[in-house]
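Keep in mind the model is a prediction, meaning the values are calculated, not measured. Values below: every heavy atom of this structure, side chains too, minus hydrogens, waters and symmetry copies.
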Amino acid sequence: MYGIINKSMEELVKSNFGEAKWHDVLQLSDIKIDYFVSNEPYDDEITYKIAIAISEIMQMPLQNVLFVFGEWWILKTTKEKYGGLLKAGGENLKEFLINLPLFHNHIMLMYPKLTPPEFKVSDIQDNSIHIHYFSKRVGLQEFVHGLLSGLGKLYDVEINIQVLASRDNNNDHEIFSISW
Ligand code: HEM
């Protein structure tokens with residue numbers, strides 16, 4: 001994944017727990033890179049190793065780390081760096097979610113070697129929607145959960161998120177039901 005993802009996790013750790021904890025994370029993950037370049041692609045393995053090391057050092061389940069990182073990615077990293085792009089995604093939460101399937105097409109213009117997630121939407125009602133998440137990557141369900149929760153906070157809407165189906169239960173993708 002592009003360095004911006006790893007850098008964002010670095011900022012999450014440094015802002016919440018201090019520089020020393022990030023140093024511990026780097027040491028434990030044994031990745032031997034101490035500076036990430038945002039627009040350079042890195043092995044996915046590195047991102048997973050960082051998340052696992054954070055979970056061990058902070059004594060927090062990996063799933064919680066991924067969720068917290070999802071919210072951080074929306075509310076800190078992309079809001080600060082790509083606020084205009086986020087705004088262009090929709091005037092309200094529902095519009096943003098309906099547009100989500102096309103969202104990473106815009107990102108690919110900036111990050112051409114992106115391997116983006118795939119989203120589909122269904123069951124669109126006045127106060128709810130189903131988001132279908134497809135990815136070649138495994139284990140990121142709670143990251144998506146956190147991203148969706150972050151979007152609710154971004155748009156200042158109280159939302160309820162339910163996982164209707166998952167690759168953990170023999171489905172070929174995850175389905176999130178979101179209501180507000
Ligand atoms: C301006 C906002 C955003 C930017 C700049 C951005 C950029 C990126 C980048 C660089 C990656 C790494 C992929 C790679 O390097 O191959 C990524 C992955 C991902 N993004 Fe976004 N993204 C944004 C918003 C969102 C939103 C709103 C969602 C969904 C709610 C989302 C869902 C994901 C997921 C799930 C992945 C993991 C890849 C996978 O599942 O295979 N992103 N994004």
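Checked by atom type, the side-chain pair Asn171/Ser166 shows no donor-acceptor distance below 3.5 Å. At a cut-off of 3.5 Å, with distance as the only test, no side-chain donor of Glu11 or Thr77 sits close to an acceptor on the other residue. Gln162 and Ser177 share no side-chain donor-acceptor pair at under 3.5 Å.
For the pair Asn99 (side chain) and Glu95 (backbone), a donor-acceptor distance under 3.5 Å is present. Counting only distance, with no hydrogens or angles, the side chain of Tyr133 and the backbone of Leu140 share no donor-acceptor pair below 3.5 Å. Between the Ser55 side chain and the Pro61 main chain, no donor and acceptor come within less than 3.5 Å of each other. A donor-acceptor pair is defined here as one N or O able to donate and one able to accept, closer than 3.5 Å; such a pair exists between the side chain of Ser29 and the backbone of Leu26. Counting only distance, with no hydrogens or angles, the side chain of Tyr111 and the backbone of Pro41 share no donor-acceptor pair below 3.5 Å. Here the side chain of Ser8 pairs no donor or acceptor atom with the backbone of Ile4 at under 3.5 angstrom. Side-chain atoms of Lys7 never come within 3.5 Å of backbone atoms of Tyr35 as a donor-acceptor pair (strictly under, hydrogens ignored). Between the side chain of Arg137 and the backbone N or O of Thr115, at least one donor-acceptor pair lies under 3.5 Å.
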Item to check | Steps toward ring pair (Phe, Tyr, Trp, His ring centres under 6.0 Å) verdict (Phe67, His145) | outcome: CA-CA 6 Å; Phe67 182 91; His145 201 162; 5.3 Å; yes

Next on the checklist: side-chain contact (heavy atoms from CB on, under 4.5 Å), that's the test. Do Asn16 and Val68 meet it? Break it down for me.
Outcome noted: CA-CA 11 Å; Asn16 287 289; Val68 168; over 6 Å; no

Next on the checklist: Apply salt bridge (charged side-chain N to carboxylate O under 4.0 Å, His left out) to residues Lys49 and Asp30 and explain how you reach the verdict.
Outcome noted: CA-CA 8 Å; Lys49 278 187 174 170; Asp30 199 28; over 6 Å; no

Item to check | Trace of the ring pair (Phe, Tyr, Trp, His ring centres under 6.0 Å) decision for Tyr42 with Phe36 | outcome: CA-CA 9 Å; Tyr42 295 82; Phe36 293 106; 5.3 Å; yes

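Applying the 6.0 Å contact sphere to CG of Asn127 captures more than 12 heavy atoms from other residues, nucleotides or ligands. Sparse packing is recorded around NZ of Lys21, with 12 or fewer heavy atoms of other residues, nucleotides or ligands lying under 6.0 Å away. Lys14 NZ: more than 12 foreign heavy atoms inside a 6.0 Å radius. Around CD of Glu40, the count of heavy atoms belonging to other residues, nucleotides or ligands within 6.0 Å exceeds 12.
In this structure, CG in Leu62 is found 12.5 Å from CZ in Phe69, a value given to the nearest 0.5 Å. Rounding to the nearest 0.5 Å places CG of Asp123 at 7.5 Å from OG of Ser128. Rounded to the nearest 0.5 angstrom, Glu142 CD and Leu147 CG are separated by 10.5 Å. Between the NE2 atom of His23 and the CD1 atom of Ile57 there is a distance of 10.0 Å, given to the nearest 0.5 Å.
Between Phe96 and Phe103, the ring planes are tilted. Angles from 30° to 60° get that label.
Members clustered with Leu164: Ile175, by chain and number, using a 4.5 Å side-chain heavy-atom cutoff among hydrophobic residues.
The side-chain heavy atoms of Met9 and Thr47, taken from C-beta on, include a pair separated by under 4.5 Å.
Both tests hold for Lys120 against Phe134: distance to the six-membered ring centre under 6.0 Å, angle to the ring axis within 45°.
Across all their heavy atoms, Trp180 and Val157 have their closest contact at CB-CG1, 3.5 Å. Heavy-atom minimum distance, Ser149 versus Ile161: N-CD1, 3.6 Å.
Remark: Glu174 pairs with Arg167 by the side chain to side chain donor-acceptor pair (under 3.5 Å) rule, at least two apart or across chains.
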